[in-house]
Undergrad: 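Let me begin by handing over the structure; questions about it come next.
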Amino acid sequence: MSEKPEHFIIDGKRLDGRRRDELRPIKIELSPLDRADGSCYLEWGRNKVVAAVYGPRELHPRHRQNMTGAVVQCRYNMASFSVDERIRPGPSRRSVEISKVIRQAFEHVVFTKFFPKTAIDIYIEVLRADAGTRTAGINAASLALADAGIPMRGLVSACAVGKVDGEIVLDLMKEEDNFGDADVPVAMTSDNRITLLQMDGRMTTEEFYKALELAKTGCTTVYELQRQALVEKYDNEYQAEGGLDE
Ligand code: UDP
């Protein structure tokens with residue numbers, strides 16, 4: 001693990017040169033996996049994640065089926081080679097918790113009632129981690145769900161906010177996440193309905209509301225990038241099919 005830096009903000013700039021309210025660069029690729037119903041590869045700074053969605057498909061074992069709607073399932077997994085110190089393969093307390101909160105971030109956004117007795121499975125694989133993997137995973141999963149054609153109230157967009165050197169900052173990098181004062185991952189729909197909110201560390205109430213406002217601006221930027229990625233994909237497919245018939 002890297003060591004705690006003496007300062008996180010020097011002359012108004014963070015360790016990687018960003019401003020306090022600046023996101024790391026995001027790159028999105030839709031449908032990289034042709035065997036999944038929907039998929040998305042996303043890079044966020046030095047994070048690399050892939051999300052795959054299968055379903056709606058019949059849920060087994062049958063006693064887990066819900067007669068009134070689909071069951072949303074999620075598995076978040078960090079590859080052993082995704083971090084500096086190799087992590088043991090297989091589920092851990094951390095990955096089980098993250099899988100659960102990501103599932104909950106989508107459960108009320110997906111129109112599950114259209115697909116009784118089925119499962120909608122979300123798989124998130126973290127290939128390279130640098131803090132913010134759950135939020136990167138949510139952004140990728142949201143696009144993979146849209147790519148699979150699953151009806152939703154809207155896209156879910158996520159980013160973390162936090163506190164370092166007593167200041168509120170957007171989108172923590174690894175040193176800020178591991179050694180900062182607080183880390184607050186947030187996910188929301190484009191009409192600002194929060195579907196995930198966690199907090200590690202401490203903040204005053206005033207700081208928390210300031211952080212939440214900053215998270216909203218971050219999520220809005222992420223949403224715009226997600227929307228653009230979808231528009232580009234469908235525009236390209238439409239053009240490839242010959243566009244408008246004259
Ligand atoms: N991390 C690590 N080993 C672990 C778990 C986490 O090196 O076993 C690193 C990794 O870079 C991760 C970061 O610590 O992205 C922050 O982890 P956290 O649990 O806060 O989740 P995240 O911010 O990735 O959603």
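Remember, it's 1-based here, ligands and their atoms both numbered in the order they're listed. Both backbone and side-chain heavy atoms feed into the values below; hydrogens, waters and symmetry mates do not.
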Undergrad: What verdict does the side-chain contact (heavy atoms from CB on, under 4.5 Å) test give for D165 and H7, after you've listed the backbone C-alpha separation in whole Å, the side-chain angles of each residue and the deciding distance to 0.1 Å?
TA: CA-CA 7 Å; D165 285 352; H7 298 287; 3.9 Å; yes
Undergrad: Only heavy atoms of A129, strictly under 4.0 Å: list the atoms of ligand 1 that pass.
TA: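 Near A129, meaning under 4.0 Å from one of its heavy atoms, ligand 1 has 10 (C), 11 (O), 15 (O).
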Undergrad: Please compare R94, R88, R134 and report which has the shortest non-hydrogen distance to atom 25 (O) of ligand 1.
TA: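 Minimum heavy-atom distance to atom 25 (O) of ligand 1 goes to R134.
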Undergrad: Heavy atoms only, cut-off 4.0 Å: how does T135 contact ligand 1, side chain, backbone, both, or neither?
TA: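 The answer is neither; T135 stays 4.0 Å or more away.
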Undergrad: What I want to find out is whether D121 reaches R75 closely enough, with some N-O distance under 4.0 Å, to be called a salt bridge.
TA: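 Salt bridge: no.
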Undergrad: Polar contacts were defined as any N/O atom of the residue lying under 3.5 Å from an N/O atom of the ligand; does this apply to V83 and ligand 1?
TA: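 No, no N or O pair falls under 3.5 Å.
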Undergrad: Have a look at L212 and tell me which of V184, N192, I194, V161 forms a side chain to side chain contact (heavy atoms under 4.5 Å, CB included) with it.
TA: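 Testing each of V184, N192, I194, V161 against L212, the sole residue satisfying side chain to side chain contact (heavy atoms under 4.5 Å, CB included) is I194.
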Undergrad: Closer than 4.0 Å to some heavy atom of D183 - which atoms of ligand 1 meet that?
TA: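 Result: 20 (O).
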Undergrad: Using a strict cut-off of 4.0 Å, indicate which atoms of ligand 1 neighbour a heavy atom of D177.
TA: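 The atoms of ligand 1 under 4.0 Å from a heavy atom of D177 are 16 (C), 20 (O), 23 (O).
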Undergrad: May I ask you to check if ligand 1 and I87 share an N or O to N or O distance below 3.5 Å?
TA: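 In fact, backbone or side chain, I87 has no N or O that close.
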Undergrad: Any salt bridge between K233 and E237, counting N to O under 4.0 Å?
TA: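 Yes.
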Undergrad: Can you check whether K174 has an N/O within less than 3.5 Å of an N/O in ligand 1?
TA: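 No - when backbone and side-chain N and O of K174 are compared with those of ligand 1, no distance drops under 3.5 Å.
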Undergrad: Looking only at heavy atoms, what is the nearest atom pair of V169 and R14, with distance?
TA: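 Minimum heavy-atom separation between V169 and R14: CB-CZ, 3.8 Å.
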Undergrad: Looking only at heavy atoms of A131, does any of them come nearer than 4.0 Å to an atom of ligand 1?
TA: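 The answer is yes: ligand 1 sits under 4.0 Å from a heavy atom of A131.
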Undergrad: Can you list the steps and then say if R18 with M173 is a side-chain contact (heavy atoms from CB on, under 4.5 Å)?
TA: CA-CA 10 Å; R18 279 182 295 152; M173 58 186 278; 3.9 Å; yes
Undergrad: Does an N or O anywhere in Y76 fall below 3.5 Å from an N or O of ligand 1?
TA: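 N/O-N/O distance under 3.5 Å: no.
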Undergrad: For D183, run the side chain to side chain contact (heavy atoms under 4.5 Å, CB included) check against L172, V164, N178 and tell me which one passes.
TA: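 That would be L172; it is the only one of L172, V164, N178 passing the side chain to side chain contact (heavy atoms under 4.5 Å, CB included) with D183.
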